[in-house]
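Sequence lines set the chain letters: A, B, ... in the order given, protein chains first and strands last, and positions in each chain run from 1. If you're wondering where the values come from, they're calculated on a predicted model, not measured in any experiment.
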Amino acid sequence: MSLQTPLYNLNDFPDVYEPSEDTHLFIDALEKDMKHIINSKPTLACEIGCGSGVLIAALAKILKSTCCYFCTDINPKACIATTRTAKMNKVPLECTRMDLTTNLKCKFDIILFNPPYVLTEELEIFGCGLNRAFAGGLRGRSVTDRLLNNLNDILSDNGVCYLLLLKENNIGEIGEKMGEKGFKIKLVIQRKIPGEHLFVYKFSKA
Amino acid sequence: MKLLTHNMLTSKCVKGVNVGYPLTINASDVRVADVDFNPDFISRLIPKIDWPVLYNAAESLGHVEDLPKETPVNYENNEEFLKKAHRALLEVEVVHGELVCPESGRKFPINNGIPNMLLNEDEV
């Protein structure tokens, strides 16, 4: 089975992150793990920081009407772009503007997160615009760490969180820290592109 | 915003709010969309739903129809019930309106089906 990149159109959305190499790697990770995803019969899925919405739309194309698809973004334009992507691909995405999954009380069976991973000054993390799609602060981990610190509370017992990381995010340290919290961490896919070595890992409760 | 989403949303993160659930819906535009019915999925979803909250939300929008007040026993094999649950959870959508925190009264607008739950820094 091959997984096509969902349709999208960001012509009216200059402030929304355009799907790039990292997005394509993430879709390839979902494709590689498709069998496992289908067999685990997830009921509640969520993409955090959905941007254009193509990742959660790709997941919805795999699982169709067997799952529901929540997505969140702090950028209001991203929320609108995601609802457009949902229409273009005829998939039901439920988008809400919020920080991470702060206002959702359920535990998810699948979480997708392509975080702002670029190493920047902490001061670059402000507002709700395009800078927030990539500015990750020192070590590129400011937002990722906020999610990981909370992962135990938002992931179901059999849930899986797919997370994109950059080599400079110090993946070894993340693995150690999450291992101590009882998480199992597995590499799904990696790719070197000019200037970046990207990885998609999956985290599950061991 | 589907009523499924409403069933999951809280305003607990607002400073001074303890539960923040369920949010009151003030709707100015409600639509019913056609969504593919998958009985197995609805059966798996129901244990994760706060049923009285779903019932009250559907009632407040005037879309309760013949939705039962409680989930019947052995609902997994009750296709008629699963269809009603499907409709309430996935087909009734609030396009415009607002959600209101039951404790603080903070209002969260819904525009084009998208609730805006983002708080200002001084509210967290």
Check: Do B:D40 and A:K41 sit within salt-bridge range, that is, some charged N less than 4.0 Å from a carboxylate O?
Finding: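 Salt bridge between B:D40 and A:K41, a charged N being under 4.0 Å from a carboxylate O: yes.
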Just checking [X]: does its [atom1] atom have more than 12 heavy atoms from other residues, nucleotides or ligands closer to it than 6.0 angstrom?
{"X": "A:N158", "atom1": "CG", "value": "no"}
{"X": "A:E173", "atom1": "CD", "value": "yes"}
{"X": "A:K177", "atom1": "NZ", "value": "yes"}
{"X": "B:K84", "atom1": "NZ", "value": "yes"}
{"X": "B:R31", "atom1": "CZ", "value": "no"}
{"X": "A:K107", "atom1": "NZ", "value": "yes"}

Check whether [X] gets within reach of chain A through its side chain, its backbone, both or neither, counting any heavy atom under 4.5 Å.
{"X": "B:N116", "answer": "both"}
{"X": "B:F108", "answer": "neither"}
{"X": "B:N111", "answer": "neither"}

Check: Between the side chains of B:N38 and A:S65, is a donor N or O closer than 3.5 angstrom to an acceptor N or O?
Finding: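 Yes.
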Heavy-atom cut-off 4.5 Å, strictly under: side chain, backbone, both or neither for [X] against chain B?
{"X": "A:T96", "result": "both"}
{"X": "A:L44", "result": "side chain"}
{"X": "A:C68", "result": "both"}

Check: Is the backbone of A:P42 close enough, under 3.5 Å, to the side chain of B:R44 for a donor and an acceptor to pair up by distance?
Finding: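 Yes, the answer is positive, given that a donor and an acceptor are paired below the 3.5 Å cut-off.
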Next item on the list: Keeping the roles fixed (side chain from A:N103, backbone from B:S11), state whether a donor-acceptor pair exists under 3.5 Å.
Entry: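 Such a contact is absent between A:N103 side chain and B:S11 backbone.
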Item checked: Residue pair A:M98, B:L9: steps toward the side chain to side chain contact (heavy atoms under 4.5 Å, CB included) verdict -> CA-CA 11 Å; A:M98 71 176 74; B:L9 284 177; 3.8 Å; yes
Next item on the list: Could you check B:K48 against A:T43 for side chain to side chain contact (heavy atoms under 4.5 Å, CB included), going step by step and ending with a plain yes or no?
Entry: CA-CA 9 Å; B:K48 301 170 192 294; A:T43 305; 3.7 Å; yes
Next item on the list: Please report the shortest heavy-atom distance between A:R97 and B:I114, naming the atom on each side.
Entry: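 Smallest heavy-atom distance, with atoms named: N-CG2, 4.1 Å.
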Check: Between A:C95 and B:P115, what is the shortest heavy-atom contact and its length?
Finding: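 Smallest heavy-atom distance, with atoms named: O-CD, 3.6 Å.
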Notebook entry, point to check: Heavy-atom distance under 4.5 Å between the side chains of A:K64 and B:D36, does that happen here?
Noted result: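 No; the side chains remain at least 4.5 Å from each other.
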Check: Are side-chain heavy atoms of B:N112 and A:I80 found at a separation under 4.5 Å?
Finding: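 With C-beta onward as the side chain, the pair stays apart.
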Notebook entry, point to check: NZ/B:K2 to CZ/A:F70 distance, rounded to the nearest 0.5 angstrom?
Noted result: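 With rounding to 0.5 Å, NZ (B:K2) is 10.0 Å from CZ (A:F70).
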Check: Out of curiosity, B:E93 CD to A:E94 CD, how far, rounded to the nearest 0.5 Å?
Finding: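 Going from CD on B:E93 over to CD on A:E94, the span is 6.0 Å.
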Notebook entry, point to check: For B:L118 and A:C128, what are the C-alpha separation, side-chain angles and deciding distance, and is it a side chain to side chain contact (heavy atoms under 4.5 Å, CB included)?
Noted result: CA-CA 10 Å; B:L118 197 67; A:C128 297; 3.8 Å; yes
Notebook entry, point to check: Looking at A:T66, A:T72, A:L104, A:T83, which has the largest count of heavy-atom pairs under 4.5 Å with chain B?
Noted result: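 Highest number of pairs under 4.5 Å: A:T66.
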